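Single-structure report; data block below.
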Amino acid sequence: MYCVITAAPIDILEMMQHVRRDADGAVLLFSGVVRDHDGGRPVTGLRYEAYAEMASQKLTGICKDVSAQFEIGDIAVVHRIGELAVGEISVAIAVAAPHRDAAFKASREVIERLKREVPIWKRERYADGEEVWLDGTIPNPPTAG
Amino acid sequence: MYCVITAAPIDILEMMQHVRRDADGAVLLFSGVVRDHDGGRPVTGLRYEAYAEMASQKLTGICKDVSAQFEIGDIAVVHRIGELAVGEISVAIAVAAPHRDAAFKASREVIERLKREVPIWKRERYADGEEVWLDGTIPNPPTAG
Amino acid sequence: MRCVIGVLRVKCLFFAVYREILGTGELELELPPGARLAELIAVVRTRPGADALPLALVVAVNHEYAPGDTVLADGDEIAFIPPVAGG
Amino acid sequence: MRCVIGVLRVKCLFFAVYREILGTGELELELPPGARLAELIAVVRTRPGADALPLALVVAVNHEYAPGDTVLADGDEIAFIPPVAGG
């Protein structure tokens, strides 16, 4: 299992090879990709920022929870930070499992929790030159005041 | 969109690049992989056979249905035939979509229907040398008698 | 009075375990014009080894699953489809 | 009579829009020993620009989300976490 925050392009083949064991019959790879639009507005790129130490720790916790919840083998998550162009992979989740049902459920759970809990932010760059930090999700834990 | 039956190793990177458009925010790649066991029995490999023309036609039909059913972009399915060793990819489904929910649902629907409807068969090779055509699923349409 | 001229020639394909049961992957068979799929299946069931075929057979005519009352045409490709196990 | 000796020194991190609001990504702040997270937040709210921070703040102490009554220790890393938007 590994959970990494990195400024380097994501090597999805390496992730898939890393998670697969001979007992696995399914490998599911989810990739989040930079889109050229958001709510109808043309987007030219994104900048991701993370609280890297906490983000990788949170991701590791999520992966451990999901491994206990579903019958999967190994799992790897990589989230990229820095400037990304349209079409680049911002996040990849590789899950291997003996059977596909668990792989689908685990992958979905990781991306949903990542988006709710992990301290990562994105700034959208629009075609007209404006840049905006995207409205995000307030993590579940009680606010500190 | 493409649906292919092939004896060559599956190029998943090519599939992912093929399906992604700039409007897509998610690319999901499902890979079915040859496992080293089946029902507790050690497996050393599989041989896949297909009625290739009909299989690719059926897959194309499934992909068209799924494209109409969910808000996805493009989709590609490749199923391998011939002798496969443990760890090799037997089937890959790449789905790109503006949003992840549709990608997850479409991918799942394609693999479930593939397993129920598409004329492909597999012969398992066990560690003890025995080989057996696996029990499969009777396709839905009424039997001809 | 009508004269029935010629015969109906179809190609039968047998896959996977059915090929092993019948000892061949392909047969050319002739039937009277207007024959239906069920009649073809009856002919196939007279072949050596065919008693090992299941009672219910799934058959595709020209790549589409077809019911027994399908009227066959000259040149049809008739595939006998064992339970499928792709993925 | 007790003598309180020394101070509590913590590192505050501000990310994304909070960094822009406060004009800095990192601050070293001193508090009396035994201070709680809520007191630190009150101090942060006195900084220039801080009135643009939301009323409810999510804060992590040493990489864990923490409530306002958390007692701080010397050397703690206190991160102010804007609504998250990874993926």
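Proteins come first, then strands; the chains are lettered A, B, ... in the order of their sequence lines, and each starts at number 1. In this text, all values refer to a predicted model and were calculated from it rather than measured experimentally.
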key: A:Glu71 atom CD: more than 12 heavy-atom contacts under 6.0 Å   = no
remark   = The interface call for B:Ser107 against chain A, heavy-atom contacts under 4.5 Å, is both
message = If we define contacts as heavy-atom pairs under 4.5 Å, which of B:Gly32, B:Pro98, B:Ala103, B:Ala92 has the most with chain A?
response = B:Pro98
task = Tabulate, in ascending numerical order, the residues of residues 11-31 of chain B having at least one heavy atom closer than 4.5 Å to a heavy atom of chain A, or enter 'none'.
result = B:Ile12, B:Leu13, B:Met16, B:Arg20, B:Asp22, B:Ala23, B:Asp24, B:Gly25, B:Ala26, B:Val27, B:Leu28, B:Leu29, B:Phe30, B:Ser31
remark   = When the 4.5 angstrom heavy-atom criterion is applied to B:Lys115 and chain A, the contacting part is side chain
ask   = Please walk me through it: do A:Arg35 and B:His99 pass side-chain contact (heavy atoms from CB on, under 4.5 Å)?
value = CA-CA 10 Å; A:Arg35 268 201 309 264; B:His99 301 284; 3.4 Å; yes
request  = Look at atom CG of A:Asp128 and say whether more than 12 heavy atoms of other residues, nucleotides or ligands are closer to it than 6.0 Å.
outcome  = yes
Value rounded to 0.5 Å, distance of CD in A:Glu112 from CZ in B:Arg100 = 4.0 Å
task = Can you tell which part of B:Asp101 gets under 4.5 Å to a heavy atom of chain A, answering side chain, backbone, both or neither?
result = both
